[in-house]
Amino acid sequence: MAQKRRNRNTPHTAKYQRNAQNAYPIQGNVAYKLQPKEEPMQMPAKKPQPQIGETRTERREKRRHMLYVCAVMLLVFGGCIAFMGANVIVAKKEMQIRQQNNTLSAIKAQNATLEAELAEQIDLEYIKQEASKRLGMAEPQPYQIVYIDVPKQSYTIQYAADETEKKESSFFDSLMNLWKKD
């Protein structure tokens, strides 16, 4: 059987698909390749022209409105600057407080270390020996010891009670106290 020989210039039906208008090549896809439609170029919108017949009062009102908007913008800008300045001041104060707290904690640690060293150095036996040998002291005899009964309220306790400050009450607390008394 003789095979029919194809002309190389004729399109193969698998590679080309016929449309009513033209034949477009399709390469591995079944969708038509369409020519893009040309869209008209849009012109930029024109700025509105000022009206020729504007009166003086209308122009004055426009200027006044522009000044008002500028003043409000300056006021907002100034408020923002003031707010940022206040935040900077607060941040500096917080940093100083942190530094002071760090030095305070270092001093407290040093005090605790010194108190521990002092407590270790205090030896009651050593003190007793120094008092008896160097200073010539002696322990009291049993007949020399006198016991004193101290009442629960002593002068020092009353003095400490007078030293405490009374808490100031608010207006609301004073009203509540008046209501409770009745």
Side-chain angles (χ1 to χ4, degrees), residues 28 42-51 54-182:
Q42 294 180 354
M43 299 299 286
K46 292 183 179 179
K47 295 181 181 178
Q49 296 293 328
Q51 295 177 356
E54 272 188 35
T55 63
R56 278 184 150 176
T57 57
E58 289 175 350
R59 286 187 295 215
R60 190 177 300 143
E61 286 296 320
K62 283 184 181 179
R63 277 193 224 126
R64 186 177 293 144
H65 181 69
M66 284 179 35
L67 286 174
Y68 176 74
V69 169
C70 289
V72 168
M73 289 175 59
L74 286 174
L75 186 66
V76 168
F77 182 72
C80 290
I81 295 295
F83 180 74
M84 289 181 354
N87 280 342
V88 167
I89 291 170
V90 168
K92 283 183 180 179
K93 293 294 182 184
E94 285 178 353
M95 187 174 62
Q96 288 175 353
I97 289 171
R98 264 189 259 119
Q99 289 174 348
Q100 293 295 328
N101 284 338
N102 290 341
T103 56
L104 179 65
S105 62
I107 291 172
K108 282 183 178 181
Q110 185 181 11
N111 282 346
T113 305
L114 291 174
E115 285 178 5
E117 288 177 8
L118 185 63
E120 287 177 3
Q121 291 177 357
I122 296 177
D123 185 17
L124 293 179
E125 288 297 320
Y126 174 75
I127 293 173
K128 189 175 182 182
Q129 287 176 357
E130 287 292 316
S132 62
K133 288 181 181 177
R134 193 165 51 115
L135 300 174
M137 297 176 124
E139 287 191 35
Q141 299 298 323
Y143 67 90
Q144 293 175 334
I145 299 174
V146 178
Y147 293 100
I148 301 173
D149 291 328
V150 179
K152 288 186 179 181
Q153 287 187 344
S154 70
Y155 176 73
T156 57
I157 294 174
Q158 289 175 357
Y159 179 74
D162 290 341
E163 204 172 282
T164 60
E165 295 179 16
K166 292 183 179 180
K167 181 181 175 185
E168 293 183 25
S169 60
S170 66
F171 179 71
F172 180 72
D173 290 336
S174 61
L175 288 177
M176 291 301 291
N177 288 336
L178 287 174
W179 183 66
K180 287 180 183 178
K181 288 180 182 177
D182 291 339

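For clarity, every value in this text was computed on a predicted model and none was experimentally measured.
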At what distance, to the nearest 0.5 angstrom, does [atom1] of [X] lie from [atom2] of [Y]?
X    : Y    : atom1 : atom2 : value
I81  : L74  : CD1   : CG    : 11.5 Å
I107 : Q110 : CD1   : CD    : 7.0 Å
M137 : I127 : CE    : CD1   : 11.5 Å
I122 : E120 : CD1   : CD    : 11.0 Å
K92  : E94  : NZ    : CD    : 13.5 Å
E139 : Q144 : CD    : CD    : 11.0 Å

- Query: Applying the side chain to side chain contact (heavy atoms under 4.5 Å, CB included) test to Q100, which of I97, L104, T103 qualifies?
  - Reply: T103

- Query: So, are R64 and E61 salt-bridged, with charged N and O less than 4.0 Å apart?
  - Reply: yes

